[in-house]
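Any value given below was found using the heavy atoms of this structure, including those in side chains, with hydrogens, waters and symmetry copies removed. Residue numbering restarts at 1 for every chain, and letters A, B, ... go by the order of the sequence lines.
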Amino acid sequence: MTGGGKTFDAVLHILDRQVLDVDKLPVTAVDDIELSDLPEGPFPDGTPAPVITNLVAGAVLATRMFGGRPPSSRLKRIAWRHVAELGTVLRLNIHGEDLDLLWTERWVHRHIIGRIPGGSHDPQ
Amino acid sequence: MILSDLLGRDVLDGTGAKVGKVTDARFVLDGLPASEASLAQARLYGFLVNPRFHRASYLGYERRGLTAPWPIGRLERWWSRGTFLVLWEDVAGIGDDGVRLRPGYTRRSPVLP
Amino acid sequence: MKKLLGLALGILTAIGGFVDIGDLVTNAVVGSRFGLGLVWVTLLGIVGICLFAQMSGRVAAVSGRTTFEIIRERLGPRASASNLAASFLINLMTLTAEVGGIALTLQLASSVHYLAWVPVAAVAVWLVVWRVKFKILENVAGLLGLTLIVFAVALFMLNPDWPQLAGQAAAPTVPEGEEPATYWYYAVALFGAAMTPYEVFFFSSGAVEEKWTVKDLNQSRVNVLVGFPLGGLLSIAIAGCAAVVLLPAQIGVTSLSQVVLPVAQAGGKLALAFVLVGILAATFGAALETTLSSGYTLAQYFGWSWGKFRRPVQAARFHLTMIVGLLIGVAVLMTGVDPVQVTEYSVVFSAIALPLTYIPILIIANDPEYMGERVNGRTTNLLGTVFLVVILAAAVAAVPLMIVTGAGS
């Protein structure tokens with residue numbers, strides 16, 4: 001899947017949208033996006049434009065609302081190369097299990113919900 | 001750099017005069033995809049700048065030719081009037097004072113293709 | 001034939017599912033104080049909820065996006081977070097009230113104190129949410145709720161002075177001894193009870209749970225446009241019963257026993273049994289809906305995995321949210337707070353939260369990127385806009401009226 005030169009506006013078309021993994025399992029909402037680094041100081045003519053490197057989620061949502069920004073090490077990322085499709089949702093080409101940012105879901109699954117009888121069965 | 005670092009930044013013209021704030025960033029999917037299953041790389045195409053309205057816009061009526069439902073559409077269009085697009089080529093630098101534009105930059109229509 | 005059955009089932013479920021503890025209590029209170037003088041508000045609320053439930057269902061069927069996802073996308077994180085906080089809190093209040101309603105009904109039926117029933121009710125609600133399929137859960141609660149028709153039957157058996165009732169409804173006046181502010185306070189409460197936001201959260205999420213597509217739109221339209229108004233008639237019958245029995249006797253509604261009093265008077269023990277089953281089903285059904293809604297809203301805002309169509313372990317945080325919500329409800333009830341009062345407050349606070357929920361629905365329903373050709377028509381938009389004005393007015397007026405009237409007392 002490529003993109004065919006499609007144009008989109010980040011706030012309008014990506015931020016706060018739902019991200020689904022390759023099995024359509026919801027992963028997160030897009031809390032922010034990360035761009036490749038820019039040169040310091042004035043840009044010489046012909047400076048290549050930055051590209052989107054990652055979708056970002058987690059603590060950055062709070063700082064988007066209240067200001068400030070979390071340290072780069074605390075950003076939870078999904079690499080842009082794992083994005084397969086851009087529509088009213090963003091589809092990934094990988095499984096949510098492979099993503100670090102789902103650790104809270106896994107923790108709740110393992111320590112709470114998975115321990116209650118019937119939790120791993122289909123509803124009847 | 002994350003997008004929130006750019007949204008709401010001042011935009012300055014060649015003389016250093018303030019012309020507005022960044023309300024959104026436009027990207028174009030024209031890079032090489034990282035793999036067959038990936039989307040093309042998304043390159044920063046330009047910034048949407050609004051001289052008055054100082055917050056990120058989540059509705060975008062003015063960029064998509066939408067008006068319905070009245071009066072929300074009308075209000076939002078009026079609210080975001082004057083929005084223009086500056087291309088990346090017209091950006092001279094991004095620093096603590098904001099996004100600096102090159103002298104003789106062009107204000108383009110914000111409408112999405 | 002199967003199609004027809006499905007249609008009938010859908011309509012019956014919508015009727016039975018329309019009334020919850022908020023409608024029961026508010027309509028009885030209003031009937032006992034203002035007769036049918038506020039029926040116009042119930043009618044207005046029915047049109048409003050039909051309009052927006054149908055719109056949110058259409059958006060969900062066409063785009064697959066539920067109401068709270070849309071709220072976040074169109075309002076941005078900050079405004080939608082305030083909506084989330086308000087909606088979640090109101091939803092918790094409603095959930096508390098519904099669980100309290102179940103317990104109170106069981107107390108009426110068993111004469112065991114309701115506080116003993118509260119944990120039982122909460123566990124029962126949780127078990128259903130944990131293990132029972134969405135479709136079954138929705139249909140059973142809705143169908144049992146149909147027994148509330150006994151209110152309409154009771155109204156006929158009470159043999160009221162129909163012209164007088166019609167007069168109250170057609171030419172509303174503020175009765176002697178009531179302040180105009182109190183009248184308007186209850187108008188806002190009734191409107192909030194009919195249009196509670198959890199109904200659209202539940203409705204749009206339900207569309208995704210049941211995997212609706214464009215093909216299901218006609219059926220959903222019939223369910224809503226026939227089922228909800230008939231459900232609304234039950235609300236009016238509740239107010240009518242109170243107007244006929246409680247208003248002349250000057251009995252104020254402070255507990256559930258006054259709500260059912262007219263039915264018992266009209267139809268004796270059998271009718272009372274019916275009405276208790278009905279209230280139990282209605283509150284239980286609404287407890288399920290509000291419990292699920294607490295999970296839906298939070299999960300959809302943050303983009304977590306959710307849904308009854310998944311195993312609980314595949315939607316762990318969603319299920320944890322619902323468990324915590326129920327525990328909070330139980331804890332609140334255990335302090336001995338009066339569930340009927342919680343109900344009365346919850347419907348008024350609902351009115352305050354309405355605009356931030358209904359505005360994004362109207363916006364997305366007009367967005368071709370989500371809806372393709374199925375964007376709203378002119379009539380729907382005109383109605384939607386008119387309702388937004390009403391909703392905004394109710395939201396703005398709610399708190400001042402609450403203060404001026406001392407919450408209606």
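Of the two parts of A/Leu25, the backbone and the side chain both hold a non-hydrogen atom closer than 4.5 Å to a non-hydrogen atom of chain C. Contacts between A/Leu102 and chain C at a heavy-atom distance below 4.5 Å involve the side chain alone, from C-beta outward. With a threshold of 4.5 angstrom between heavy atoms, C/Leu137 does not approach chain A through any atom at all. Only the side chain of C/Ile136 comes within contact range of chain A, judged by heavy atoms closer than 4.5 Å.
Aromatic ring centres of C/Phe203 and C/Trp212: separated by under 6.0 Å. Centroid-to-centroid, the aromatic rings of C/Phe201 and C/Phe68 come within less than 6.0 Å. Two rings, from C/Phe349 and C/Tyr198, have their centers 6.0 Å or more apart.
Among A/His109, A/His13, A/Glu105, A/Arg64, the residue with the largest count of heavy-atom pairs under 4.5 Å with chain C is A/Glu105. Chain A forms the most heavy-atom pairs under 4.5 Å with one residue out of C/Trp304, C/Phe309, C/Phe302, C/Phe318, and that residue is C/Phe302. Your options are A/Gly96, A/Ala57, A/Gly118, A/Gly119, and the one with the most heavy-atom pairs under 4.5 Å with chain C is A/Gly119. Chain A forms the most heavy-atom pairs under 4.5 Å with one residue out of C/Arg310, C/Glu73, C/Arg72, C/Glu369, and that residue is C/Arg72.
For C/Ser220 and C/Asp216, the side-chain atoms include no donor-acceptor pair closer than 3.5 Å.
Residues A/Val51 and A/Trp80 have side chains not in contact (no heavy-atom distance under 4.5 Å, counting atoms from C-beta outward). Using a 4.5 Å heavy-atom cutoff, the side chains of A/Leu92 and A/Val83 are in contact.
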